[in-house]
There are 2 protein chains.
Amino acid sequence: MTVTLADVAARARVSPATVSRVLNGNYPVAASTRERVLRAVDDLDYVLNGPASSLAAATSDLVGILVNDIADPFFGIMAGAAQTEISGRPGAGHGGPGQSGAPHRGSPRAGGEKLAVVCNTGGSPDHELRYLTLLQRQRAAAVVLTGGALEDPAHVAAVSAKLARIADAGTRVVLCGRPPLPGPGSDVIHAALAFDNRGGGRRLTEHLVALGHRRFGYLAGPAGRTTTRHRLEGHRAALAAAGIEEDGDRLTVHGPYARRSGYDGTRELLRREPGLTAIVAANDTVALGACAALRDHGLRIPDDVSVAGFDDLPFSVDAVPALTTVRLPLAEAGARAGRLAMDREEPPPGGVATIAADLMARSSTAPPRR
Amino acid sequence: MTVTLADVAARARVSPATVSRVLNGNYPVAASTRERVLRAVDDLDYVLNGPASSLAAATSDLVGILVNDIADPFFGIMAGAAQTEISGRPGAGHGGPGQSGAPHRGSPRAGGEKLAVVCNTGGSPDHELRYLTLLQRQRAAAVVLTGGALEDPAHVAAVSAKLARIADAGTRVVLCGRPPLPGPGSDVIHAALAFDNRGGGRRLTEHLVALGHRRFGYLAGPAGRTTTRHRLEGHRAALAAAGIEEDGDRLTVHGPYARRSGYDGTRELLRREPGLTAIVAANDTVALGACAALRDHGLRIPDDVSVAGFDDLPFSVDAVPALTTVRLPLAEAGARAGRLAMDREEPPPGGVATIAADLMARSSTAPPRR
DNA sequence: CTGTTAGCGCATTCAT
DNA sequence: ATGAATGCGCTAACAG
């Protein structure tokens, strides 16, 4: 029923091995033979059997990209850039010997073509582990983990162990927007691109302090995640440096990275402290929710309350007023992670690079009204 | 090096066949034997070899979800919902005979567990075809195509042919937010969930007409795509029904579904017709860009110009003013597509269902100023 | 440069 | 309920 490599070989009057060789292009084959084979492939409409190929070669062309929330552009942008870099440019990085022959329509196999796929964990530790297992099972060529990590020790240990085994099996592991694994696990990572969440958070709050703000509300992300903690630490470092005392966690509320958290959290903050003049949100989406709550409360931005976000997602500049935030070069980081996963770029020294997070001061922040 | 099924068999003192049977759970095995095998699996930290398994079984647990732009929440929401439905609920739909035994941590294989992966085509026909081939190569269990389709006849034919072969090989093909394939290809589709883009577009413009608008600018999506065409047709149908004559394509500009298109397009429309009172955008993202351009032009929304979008993405309700748009039940549609792909839900009669698109009238639209 | 020979690891018959 | 044997389709030595 389904046409196999042997069928192609028969039609082209060569051995199966030869067909395999022209398909994989990693071995010298006479031009005339190649032509015949390619024609047979076309005639028969042959498509390589991936599982068989992977089984024999003990490796597959699958590359997994794990994201916490695919509906969040934060992840979509990173994943899209990585995927483009991985499977978007056939033939890239193939300057070696042998004739390349641009892959054509329906080509059964094009050079080092990889299938970059994104897996949505929904932020659930179980799903993260499950996808990792599934990718391990598929003998994925590489795995890219994006975004903040859970800090639960048991889960960290489980992930580290899993990644160790995955790396051990030859799969490259790259972290993007996630700090390097704590402890001894760091050497299983091919490369880690960590965002400077702490620094960004600090600069953001410094900006507000410089504007004259003293009474802050903080809309933190979900507890137990590196991103949440680092951004909050940056915020508090800035407060401490300015000699602003905090009342414990009274003006910090946690919630998912969702519009709703910002809305509800802002109402709660206002209840606890009607006199606050600035709200710092865990990310732009949360900040938007905060803005909505503020407006519904009859408060003007930034006249009555300043609002700041994080990430600088595309919609932030179009918010009204334009949102002050911290820019993260998501697309660049994703693309770099993709190249790293494909081994088309040198890992940074020590395997870890910290990506700058720059303040974008816009009109949602202003000096507090007096 | 890597532990195989045979290793597990040896340790559990059973035959490889037995191990395979307990792992796949689709065959009676004595409880005690099962226990021993499971323990061996755990002890050895065994993970099934996916390629080998797929090769022998002639099918894989991979499900592909194709999207045009992963950074666009429109696709992210659909894909996320589909993925959750497909791989997010282990054991779902398994009420059959045999003991289920909830899949546990690192389980080497859990029931009908599928690996749902999303593939980002970037809207490129080549990439679409390429991903389809790669999924075909992997013997994917199902493929879900989301979002509008290109209308170029050659590409439509190529995709149809490819899908026919994919379906023929036993892969279920589901369309989500995409009209059924034209021509005879429709029977290769397991199910198609089509958005009522035309109806939504019509109702949206009817709303504006009812408010008293007569001079419209239309920011269309990229040419040659079904979504673009249908929404535009709906718009024009409403205009025609209201007896509003159009000046050809003078007040329609095309562009990608991006904020930038909305911004640039609006400037262009304003140049062509400074007196327009309403701008209808291809989607919410474009509408946001339009709002920005309008404001930069010193025009107020909706006092000077009304603006409407499409999709009702999460940020639209938080826009200022809140965006009038057409709601598409993206998450519901994605989830349904996921169930359809898993054969956990009956296909609609005729294989095609049209999903309603409801008007969400908010504050970005109002009667034109007099 | 090309053909021959062996498996890769697992799911299935078919026996028992 | 379990074991033994066979082959899925391909790649990778090894010859020549």
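Quick note on labels: first sequence line is chain A, next is B, and so on, each numbered from 1. Everything numeric here is computed off the predicted structure, so don't read it as measured data.
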- Within this structure, what is the CG-to-C1' distance between A/N26 and D/dA12, rounded to whole angstrom? 10 Å
- B/D7 has an atom CG; how far is it from atom C1' of C/dC8, in whole Å? 14 Å
- Minimum heavy-atom separation for B/L163 to B/I189, with atom names? CD1-CD1, 4.2 Å
- Would you mind classifying the nucleic acid contact of A/T33 as base, sugar-phosphate or nothing, using non-hydrogen atoms under 4.0 angstrom? sugar-phosphate
- Do any side-chain nitrogens or oxygens of B/T18 fall under 4.0 Å of OP1 or OP2 in D/dT2? no
- Message: Without decimals, in angstroms, what is the distance between B/E35 CD and D/dT2 P?
- Response: 13 Å
- Query: Of the candidate nucleotides D/dA12, C/dT2, C/dA11, which contains the atom at the shortest distance from the side chain of B/N24?
  - Reply: C/dA11
- Item | B/S15 side-chain N/O to D/dA4 phosphate OP1/OP2 under 4.0 Å | no
- Starting from P on D/dT2, measure out to CZ on B/R36 and report it in whole angstrom. 8 Å
- Query: If you check every side-chain atom of B/L5, which of D/dG3, C/dC10, C/dG9 has the closest atom?
  - Reply: C/dC10
- 5' precedence on DNA chain D between B/R139 and B/A30 (nearest-nucleotide basis): B/A30
- Hey, which sits more toward the 5' end of DNA chain C by its nearest nucleotide, B/A52 or B/A17? B/A52
- Message: Could you tell me how far apart A/Y27 (OH) and C/dC1 (P) are, to the nearest whole angstrom?
- Response: 10 Å
- Task: Begin with the C-alpha distance, continue with both residues' side-chain angles, and end with the deciding distance and a verdict on side-chain contact (heavy atoms from CB on, under 4.5 Å) for A/D61 and B/R137.
- Result: CA-CA 11 Å; A/D61 49 10; B/R137 177 185 302 174; 3.4 Å; yes
- Starting at CG of B/D61 and ending at C1' of C/dC10, how long is that distance when rounded to a whole Å? 13 Å
- Assess whether one donor atom and one acceptor atom, taken from the side chain of A/R21 and the base of C/dG3, lie less than 3.5 Å apart. yes
- Query: Please give, in whole Å, the distance from C/dC10 C1' to A/Q138 CD?
  - Reply: 13 Å
- Item | Euclidean distance, A/L115 CG relative to A/Q83 CD, rounded to 0.5 Å | 8.5 Å
- Quick one: which of A/N120, A/T121, A/I70, A/N68 gives a side chain to side chain contact (heavy atoms under 4.5 Å, CB included) with A/F75? A/N68
- DNA chain C nearest-nucleotide lookup for A/V14 and B/L55: closer to the 5′ end is A/V14
- Listed nucleotide nearest any side-chain atom of B/A56, set D/dG9, D/dC8, D/dT2: D/dC8
- To the nearest Å, give me how far apart CG (B/L48) and C1' (C/dC8) are. 14 Å
- Note on the structure: Against the side chain of A/T4, the closest entry in C/dG9, D/dG9, D/dT11 is D/dG9
- Message: If only side-chain N and O atoms count, and only distance matters, is there a donor-acceptor pair under 3.5 Å linking B/S87 with A/Y131?
- Response: yes
